[in-house]
Amino acid sequence: MPKTTYTIDRRRAREAFDSHVAGYDATNPRIALKVEHTLRVAELCERIAREAGFTPAGIDLAWLCGLLHDIGRFEQLRRWDTFSDAASTSHAALGVEVLFGNEDNGSETDASDIIHRFIDPNDELEEVIRAAVGFHSDYRLPENLDVRTHAICDVVRDADKLDILRVASADTVETVLNATEDELLASAVSPAIEDAFFEHRTARYAERVTPVDYLVNLACFAFELVYPTSLEIADEQEYIYRALERPFGITRPFENKATAQLMNRMDGHLRAWVDERLC
């Protein structure tokens, strides 16, 4: 990371975050889950950045971007009572609006001061944060990002994927897939998702059709983790394997024999691919 002159007060940032989320319904378990996810992503960002050799200032910035990456989720839930972007709006874009205000009409009165509860005014820092929050859930990052911004965005995206894997593994079929266990076990992998897996990429939203498609796409996260430490963490936690081997702790086999055979082949392929890169 390039040498920087800014400093980030982590205590101030954490107090600002706690104060912000306190304005939402604390009795709603989805708020609590999103707070927990946010704090884990911030911790993962710190670990990934440190082991990647970032400067202390760069590590602090990565941590802060992790803390802010999902800040739009709270407002999304308040306005639409959902975490579905398709049923509401882009939570990433909403996060930028929450932090920086809606500047589309050029009115200074619409500008938000929330970002300055976390940091002192700093154009350079704010642009990195804006990108990390705004692009963290995009299918691909823009090609015109500078090296430092791209590096921070990659850290946040890696950390977010890692904790999404954990959440999906620990939650229920109904919550994550909006389907029953029977529906999951009766479903088949779509050809586009099979192609994405063996092409070593994640799938676009439109390519995911069946319940099992979502699980395969979770496993595909491994292929797009940027930092070596991120893949090491994924291997340690084993959530990427559970998506294919025993999703949601289910021990019953897939009813479709072709699906069962394909999932088994994918599991072996993924483990061999990870082993080759970690050895």
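Note: hydrogens, waters and symmetry copies are ignored here, and every other heavy atom, side chains too, is used.
Residues F198 and V209 fall into different hydrophobic clusters, defined by Ile, Leu, Val, Met, Phe, Trp and Tyr side chains chained together at heavy-atom separations under 4.5 Å. Put simply, L145 and V128 are part of two different groups of oily side chains (I, L, V, M, F, W, Y) that touch within less than 4.5 Å, one to the next. Hydrophobic clustering (ILVMFWY, side-chain heavy atoms < 4.5 Å, transitive): F135 and L44 are in distinct clusters. Both V226 and I233 are assigned to one and the same hydrophobic cluster, defined by single-linkage of ILVMFWY side chains at heavy-atom distances under 4.5 Å. Under the 4.5 Å side-chain contact rule for hydrophobic residues, V21 and L68 share a cluster.
Within the 3.5 Å criterion, the main-chain N or O of L77 finds no donor-acceptor partner in the side chain of Y24. Looking at E183, its side chain does come within 3.5 Å of a backbone N or O of T180 through a donor-acceptor pair. Of the possible donor and acceptor atoms, one in the side chain of E224 sits under 3.5 Å from a partner among the backbone N and O of T202. For the pair S169 (side chain) and L165 (backbone), a donor-acceptor distance under 3.5 Å is absent. Although no hydrogens or angles enter the test, the distance criterion places no donor-acceptor pair under 3.5 Å between the side chain of E194 and the main chain of V189. With N256 contributing its side chain and A186 its backbone, the two residues share no donor-acceptor pair below 3.5 Å.
Between the side chains of D146 and H150, no donor N or O sits under 3.5 Å from an acceptor N or O. Judged purely by distance below 3.5 Å, without hydrogens or angles, the side chains of E51 and Y227 never pair a donor atom with an acceptor atom. Side chains of T27 and D25: a donor-acceptor N/O pair is present below 3.5 angstrom, by distance only. There is a side-chain donor-acceptor pair under 3.5 Å between D213 and S190. Between the side chains of N264 and E245, not a single donor N or O lies within less than 3.5 Å of an accepting N or O. If you check the side chains of D85 and Y205, you find no donor sitting under 3.5 Å from an acceptor.
Side-chain contact check for M266 versus V216: some heavy-atom pair is nearer than 4.5 Å. Put simply, the side chain of R140 reaches to within 4.5 Å of the side chain of R201, judged on heavy atoms. Between R14 and R11, the closest side-chain pair of non-hydrogen atoms is not below 4.5 Å. In this structure, the side chains of I240 and V274 come closer than 4.5 Å at one or more pairs of heavy atoms. Proximity of T149 to E127: side-chain heavy atoms (C-beta onward) are nowhere separated by under 4.5 Å. Taking the side chain as every heavy atom from C-beta outward, I48 and L162 approach each other to under 4.5 Å. You'll find the side chain of R242 stays beyond 4.5 Å of the side chain of Q237, heavy atoms only. Residues L185 and E181 are in side-chain contact: their nearest non-hydrogen atoms beyond the backbone lie under 4.5 Å apart.
Put simply, the residue from D163, V155, L67, I164 that forms a side chain to side chain contact (heavy atoms under 4.5 Å, CB included) with V41 is D163.
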Practice task
Step by step, work out the salt bridge (Lys or Arg N to Asp or Glu O under 4.0 Å) result for R148 and E124.
Solution key: CA-CA 11 Å; R148 181 183 64 168; E124 181 184 7; 3.0 Å; yes
Problem - Worked verdict on I152 versus L61 for side chain to side chain contact (heavy atoms under 4.5 Å, CB included) - result: CA-CA 8 Å; I152 292 290; L61 179 55; 4.2 Å; yes
Practice task
Test side chain to side chain contact (heavy atoms under 4.5 Å, CB included) on H136 and D70 and set out the steps.
Solution key: CA-CA 9 Å; H136 81 269; D70 252 358; 3.3 Å; yes
Exercise for the section: Report the C-alpha separation of H20 and V98 in whole Å, then their side-chain angles, then the decisive distance to 0.1 Å, and conclude whether the side chain to side chain contact (heavy atoms under 4.5 Å, CB included) test is met. Expected result: CA-CA 10 Å; H20 181 77; V98 167; 3.8 Å; yes
Handout entry: Worked verdict on E15 versus R10 for salt bridge (Lys or Arg N to Asp or Glu O under 4.0 Å)
Key = CA-CA 8 Å; E15 289 176 352; R10 290 202 189 197; over 6 Å; no
Exercise for the section: Could you check R252 against D182 for side chain to side chain contact (heavy atoms under 4.5 Å, CB included), going step by step and ending with a plain yes or no? Expected result: CA-CA 10 Å; R252 292 165 53 199; D182 287 343; 3.0 Å; yes
Practice task
Step by step, work out the salt bridge (Lys or Arg N to Asp or Glu O under 4.0 Å) result for E43 and R50.
Solution key: CA-CA 11 Å; E43 291 176 359; R50 177 179 293 111; over 6 Å; no
Exercise for the section: Using the salt bridge (Lys or Arg N to Asp or Glu O under 4.0 Å) rule, take R12 and D120 through it: C-alpha gap first, then chi angles, then the decisive distance, then the call. Expected result: CA-CA 11 Å; R12 168 185 171 180; D120 292 331; 2.8 Å; yes
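Between R157 atom CZ and S137 atom OG the span is 8.0 Å, to the nearest 0.5 Å. For the atom pair OG1 (T38) and CZ (F17), the distance works out to 4.5 Å, reported to the nearest 0.5 Å. Atom NZ of K34 sits about 12.0 Å away from atom CG of L39, to the nearest 0.5 Å. Atom CG of residue N122 and atom NE2 of residue H116 lie 8.5 Å apart, to the nearest 0.5 angstrom. Atom CD1 of I129 sits about 4.5 Å away from atom CG of L64, to the nearest 0.5 Å. For the atom pair NE2 (H91) and CD (E75), the distance works out to 14.0 Å, reported to the nearest 0.5 Å.
In terms of the ring-ring contact (aromatic ring centres under 6.0 Å, His included) criterion, residue partners of W273 (sequence neighbours excluded) are, by chain and number, H200, F223. Residues forming a ring-ring contact (aromatic ring centres under 6.0 Å, His included) with H37 (at least two apart in sequence, or on another chain): H69. Under the ring-ring contact (aromatic ring centres under 6.0 Å, His included) criterion, F83 pairs with no residue, sequence neighbours left out.
Counting heavy atoms of neighbouring residues, nucleotides and ligands inside a 6.0 Å radius, atom CZ of R204 does not exceed 12 of them. Summarising the local packing, CG of D195 is surrounded by more than 12 heavy atoms from other residues, nucleotides or ligands at distances under 6.0 Å.
When every heavy atom of T259 is checked against every heavy atom of S187, the shortest pair comes out as OG1-O, 3.3 Å. When all heavy atoms of G95 and V133 are compared, the closest pair comes out as C-CG1, 3.9 Å. P247 approaches L215 most closely through the heavy-atom pair CB-CD1, 3.5 Å. E126 approaches P121 most closely through the heavy-atom pair OE2-CA, 3.4 Å. Of all non-hydrogen atoms in W63 and A42, the two that sit nearest each other are CD1-O, 3.4 Å. D158 and S230 make their closest contact through OD2-OG, 2.7 Å (heavy atoms, listed as atom of the first residue, atom of the second, distance).
A salt bridge links E97 with R79: at least one charged nitrogen is closer than 4.0 Å to a carboxylate oxygen.
Aromatic pair F197/H269: ring centres closer than 6.0 Å.
Cation-pi contact between R271 and Y241: present, with separation from the ring centre below 6.0 Å and deviation from the ring axis of at most 45°.
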